[in-house]
Amino acid sequence: YNVMFPMGFDSFGLPAENAAIDRGVDPASWTAANIDTMRSQFRTMGCMFDWSRELAVSDPAYYRWTQWLFVQFFKAGLAYRAMGAVDWCPKDQVVLAREQVEGAERRCWRCGTPVIKRDLEQWFFRITNYADELLDFRGIDYPEPIRLMQTNWIGRSEGAEIDFPVEAGGDQRIRVFTTRPDTVFGATFMVLAPEHPLVSVLATDEQRADVEAYVAQAGRETEIDRLSTEREKTGVFIGSYATNPMTQERIPIWIADYVLPGYGTGAIMAVPAHDERDFAFARKYDLSVRYVVVPASGEVASDQAFVAHTADEVLADSGEFSGMPAAEAITAITRRLADMGLGGPAVSYRIRDWLVSRQRYWGAPIPIVYCPQHGPQPVPEDELPVKLPEDVDFAPTGVSPLQSHEGFLKATCPICGEPARRETDTMDTFMDSSWYFLRYCSPNNDTAAWDPEQVAAWMPIDLYTGGAEHAVMHLLYFRFFIKALRDMGLLAFDEPTLMLRNQGQILGADHQRMSKSRGNVQNPDELTRRYGSDAVRAFLMFVGPWDQGGPWNPSGIEGLHRFLGRVWNVAHPASSGGPKSAADSELLQALRRATHTTIAGVTKDYERLHFNTAISKLMELTNALAHERHSGLSGTDAYAESVDTLLLLLAPVAPHITEELWAQRGRPYSIHQQAWPTYDPALATADTIELPVQVDGRLRDRLVVTPDTPADEIERMALESEHVQRYLDGRPPARVIQVPGKLVNVVTPKG
RNA sequence: GCCCAGGUGGCGGAAUUGGUAUACGCGUACGUUUGAGGGGCGUAUGAGGCAACUCAUCCGGGUUCAAGUCCCGGCCUGGGCACCA
């Protein structure tokens with residue numbers, strides 16, 4: 001009674017909007033129709049969700065609170081608007097979060113079109129503030145691959161920031177980030193990202209034309225071209241020089257697009273001797289290379305970069321630091337730079353802030369108005385929700401359809417009351433899914449997003465299941481949300497869920513992800529009509545390990561259909577009266593034993609989410625029951641107890657047939673509200689056990705003994721076995737190894 | 001290139017901590033029930049061999065009384081990241 005198992009619909013988003021446009025209907029009615037279909041499919045399948053908590057994120061009663069949360073993030077300084085080069089899907093006509101761009105070709109996660117970069121002003125959430133805390137998985141139980149993916153995605157690097165004074169630039173300095181401050185003596189040139197703000201300042205007049213041409217070209221370049229690692233490095237000297245703070249050498253400043261504006265400081269000290277990229281660049285433009293880290297023993301090949309970072313590297317050609325182990329030099333040089341006022345330890349992350357604005361209609365409108373006087377202002381909370389207008393043109397044009405809706409655009413500034421313009425972007429749907437579990441705790445509350453008492457009682461989630469494909473999206477965002485809301489004083493816990501488990505993904509028969517466009521989608525309705533939903537459910541659980549997934553192949557469903565038929569048969573006793581012989585009594589005892597072993601095994605399997613093996617154990621018990629029934633023993637207590645147990649254990653997998661059989665057997669309604677069967681170890685222990693006898697690790701014989709047979713007795717019996725004697729050939733065994741209750745292994749003498 | 005996960009019969013897959021490899025199901029064959037078909041039920045089913053046995057968990061080594069499981073090297077498949085300094 002204290003388990004919440006809710007269901008809701010993540011109904012906003014591009015796929016719904018695009019599908020609606022294709023069909024010439026509005027997204028709201030299209031979505032509502034889909035929800036109706038899905039709800040009835042869930043019912044048919046016997047999914048026992050708590051429908052009193054159902055929600056849909058596209059319902060104004062829900063997105064009112066998504067908007068309210070946006071305002072809270074805005075007030076907390078965690079939502080900001082910034083200009084930046086963002087990923088743009090030219091087909092869907094929308095910006096994407098970095099997490100939504102996939103693969104080497106930089107494709108849109110929804111439609112697969114390669115994305116392009118556009119300079120746009122967008123809304124961001126400061127997930128980077130939580131980079132460190134998101135790396136901490138203590139206290140939560142997540143699958144190792146998810147932890148690794150999140151850790152890599154956050155990409156924490158420790159190193160140093162170093163300031164390089166600019167020659168003839170007054171007190172101008174170029175700050176770089178490096179993970180290898182120990183190599184600073186080898187920094188023979190610098191490279192700025194073309195977008196770096198100092199580029200236009202430092203470009204000399206004679207180089208300016210080249211520099212501007214390069215910057216313009218880099219801006220036009222697609223992300224794919226720019227990030228291709230195979231591509232030859234390009235760059236331009238900007239005419240100015242900086243000073244290496246350690247060697248005091250004059251080093252040239254270049255720009256090149258292999259330096260990214262968004263990571264570190266957007267500028268690097270180039271150490272060609274110890275970085276492959278810098279090395280390639282230096283070779284191409286004939287820049288000097290100086291080796292400053294060498295293996296403690298051995299030479300360095302001078303025709304390539306030496307990037308190995310082993311424990312026994314030492315510094316060379318590095319002034320007073322020469323000869324110092326590299327690992328030690330990292331700290332020593334960083335400290336020296338700090339003393340000189342030219343840097344210090346620094347940490348850099350690859351994770352960027354979360355881009356949350358979308359130029360599409362079917363999402364929660366961002367609750368902001370722009371006042372010419374007061375700038376962006378949140379919509380007052382009592383004016384929420386900002387509702388989506390229904391009379392709009394849905395065609396994707398590159399700007400939000402809301403931009404052409406006069407009534408929507410018109411707003412007033414909450415501060416001065418003067419006319420203001422409403423924000424027309426909507427929120428990334430991952431905003432909706434970052435807090436829905438909180439809403440489940442009090443889904444109908446119309447005075448608050450959630451009832452703190454209910455949240456305190458239910459949250460955090462005990463077990464969260466979902467696909468691994470959301471490793472660096474939803475599963476990262478919802479952790480960030482909870483931490484941010486905690487810091488706003490709105491929640492008192494740190495993590496959305498204590499335990500995460502990933503189910504495998506069932507692919508299409510063509511081994512591809514199921515999708516409408518590929519035409520490989522399986523509709524459960526047809527199978528359900530043919531075999532019944534219990535058989536479909538049982539098959540889905542039986543077909544393979546729950547966490548594995550694989551291509552869809554329904555050929556085994558017949559087996560589950562037959563299995564349920566056998567369950568039906570064994571639940572209808574065919575005889576009355578008890579055992580008629582000693583063999584019968586033996587059989588009944590074995591059945592009782594099997595019943596209790598099954599309780600233990602199935603319970604454990606369910607706890608471990610090993611549904612396929614749980615079902616196989618239930619099949620074994622059913623087969624045993626069929627055998628007893630055939631032997632005329634179905635009138636006994638042991639048989640009846642076993643059938644009841646079978647039904648109880650099977651009920652979660654096949655809720656309908658078990659409920660029906662339970663009722664037919666005159667048991668109290670409902671089977672789904674009965675206590676779980678308890679396992680009695682005494683009843684599960686066998687009177688005799690079969691002990692394999694090995695010779696040199698190979699099975700040669702079996703002994704049937706009582707569990708309490710002493711070891712020396714077992715050894716005697718094993719050695720007496722004629723199968724064993726054949727291998728001993730009259731000699732005494734070298735050793736006899738016994739694993740109590742498991743096996744005996746007789747080791748023959750060598751030779 | 002770097003980081004993960006995986007590779008077991010014709011197929012999906014089983015095998016807590018090294019301890020009877022192939023559970024359970026599909027498929028197949030034969031038998032049985034039926035007027036026939038479908039369905040049900042029963043038996044068999046890793047490979048080779050008449051048999052005793054031998055060989056088998058991607059390949060090659062190793063540790064061990066004993067290896068699908070542990071160690072070393074390689075191959076293949078799937079996933080993630082990818083000019084992140």
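Note that the structure is a prediction, hence the values are computed from the model and not measured. Residue numbers start from 1 in every chain, and the chains themselves are labelled A, B, ... in the order their sequence lines are given, proteins ahead of strands.
Atom name C1', nucleotides B/U54 and B/U64: the rounded distance is 23 Å, in whole Å. Atom name P, nucleotides B/G73 and B/A52: the rounded distance is 42 Å, in whole Å. One C1' atom belongs to B/G27, the other to B/G10, and the distance between them is 8 Å to the nearest Å. With both ends at atom P, the span from B/U17 to B/C26 equals 29 Å, rounded to whole Å. The separation of B/G46 from B/U8, taken at their C1' atoms, amounts to 10 Å, rounded to a whole angstrom. Spacing of C1' atoms, B/U22 relative to B/C30, comes out at 23 Å, to the nearest Å. B/G68 sits 12 Å from B/A56 when the C1' atoms are compared, rounded to a whole Å. Rounded to whole Å, the separation between the P atoms of B/A15 and B/U20 comes to 13 Å.
No contact: A/Arg147 has no heavy atom under 4.0 Å from any strand. As judged by a 4.0 angstrom heavy-atom cut-off over every strand, A/Val543 is placed among residues touching the sugar-phosphate backbone only. At a threshold of 4.0 angstrom between heavy atoms, the contacts of A/Phe281 with the nucleic acid are absent. The residue A/Gln548 sits close only to the backbone: its heavy atoms come under 4.0 Å of sugar-phosphate atoms, none of a base. Among the atoms of the strands shown, none is found under 4.0 Å from any heavy atom of A/Asp278. The residue A/Lys604 sits close to a base: some heavy atom pair falls under 4.0 Å. Within the nucleic acid shown, A/Ser348 has no heavy atom closer than 4.0 Å to any nucleic acid atom. Within the 4.0 angstrom heavy-atom criterion, only backbone atoms of the sugar-phosphate kind lie near A/Arg698; the bases stay farther away.
In this structure, A/Arg352 is not positioned above the aromatic face of A/Phe124 in the sense of NZ or CZ being under 6.0 Å from the six-membered ring centre and within 45° of the axis. Geometric assessment of A/Arg698 against the ring of A/Tyr727 yields a negative cation-pi assignment under the 6.0 Å and 45° thresholds.
The ring of A/Phe539 has its center closer than 6.0 angstrom to the ring center of A/Trp552. Taking the six-membered ring wherever Trp is involved, the centroid distance between the rings of A/Phe542 and A/Phe563 does not fall below 6.0 Å.
The phosphate of B/C53 has OP1 or OP2 within less than 4.0 Å of a side-chain N or O from A/Arg726. In this model, the phosphate group of B/G19 is not approached by any side-chain N or O of A/Asn745 to a distance below 4.0 Å at OP1 or OP2. An OP1 or OP2 oxygen of B/C24 is reached within less than 4.0 angstrom by no side-chain nitrogen or oxygen of A/Thr613. For B/G80, the OP1/OP2 oxygens have no side-chain nitrogen or oxygen of A/Arg350 closer than 4.0 Å. Distances shorter than 4.0 Å separate some side-chain N or O of A/Asn623 from OP1 or OP2 on B/G25.
Within 6.0 Å of the CD atom in A/Glu276, the count of heavy atoms belonging to other residues, nucleotides or ligands does not exceed 12.
If you check distances only, the side chain of A/Lys617 never reaches the base of B/C24 with a donor-acceptor pair under 3.5 Å.
Protein atom CG of A/Leu475 is 14 Å distant from nucleotide atom P of B/G80, rounded to whole Å. In this structure, CD of A/Glu99 is placed 10 Å from P of B/A82, rounded to the nearest angstrom. Spacing between atom CD1 of A/Ile557 and atom C1' of B/G27 amounts to 16 Å, rounded to whole angstrom units. For A/Phe542 and B/A14, the CZ to P distance is 10 Å, given to the nearest whole Å. Between the P atom of B/C26 and the CZ atom of A/Phe563 lies a distance of 11 Å, rounded to the nearest Å. Atom-to-atom, CZ of A/Arg735 to C1' of B/G19 comes out at 14 Å; the value is rounded to the nearest Å. One can place CZ of A/Phe539 at 11 Å from P of B/C26, the figure rounded to the nearest angstrom. For the pair A/Glu715 CD and B/C65 P, the interatomic distance rounds to 17 Å; values are reported in whole Å.
Both A/Leu699 and A/Arg562 lie close to RNA chain B; mapped to their nearest nucleotides by heavy-atom distance, the more 5′-ward contact belongs to A/Leu699. Place A/Pro692 and A/Ile615 on RNA chain B by their nearest nucleotides, and A/Pro692 ends up nearer the 5' end.
For B/G35, there is no paired base (Watson-Crick or G-U wobble, both distances below 3.5 Å). Look at B/A14: it lacks any Watson-Crick or wobble partner with both distances under 3.5 angstrom. Nucleotide B/C53 has B/G48 as its partner under the Watson-Crick or G-U criteria, with both atom distances under 3.5 Å. Nucleotide B/G42: paired with B/C30 (Watson-Crick or G-U wobble, both distances less than 3.5 Å). In this structure, B/A85 forms no base pair with any nucleotide, since neither Watson-Crick nor G-U wobble geometry is met with both distances under 3.5 Å. Using N1 to N3 plus N6-O4 or O6-N4 for Watson-Crick, or N1-O2 and O6-N3 for G-U wobble, each under 3.5 Å, B/G6 pairs with B/C76.
Comparing B/G13, B/A85, B/G19 by their nearest atom to the side chain of A/Lys742 picks out B/G19.
Salt-bridge annotation for A/Lys604 and A/Glu607: absent, with no side-chain N of the basic residue lying under 4.0 Å from a carboxylate O of the acidic one.
B/G9 has its base syn relative to the sugar, with a glycosidic angle deviating from 0 by at most 90°.
Here CD of A/Gln694 is found 10.5 Å from CZ of A/Arg702. Values are rounded to the nearest 0.5 Å. Between atom CZ of residue A/Arg290 and atom NE2 of residue A/His274 there is a gap of 10.0 Å, rounded to the nearest 0.5 Å.
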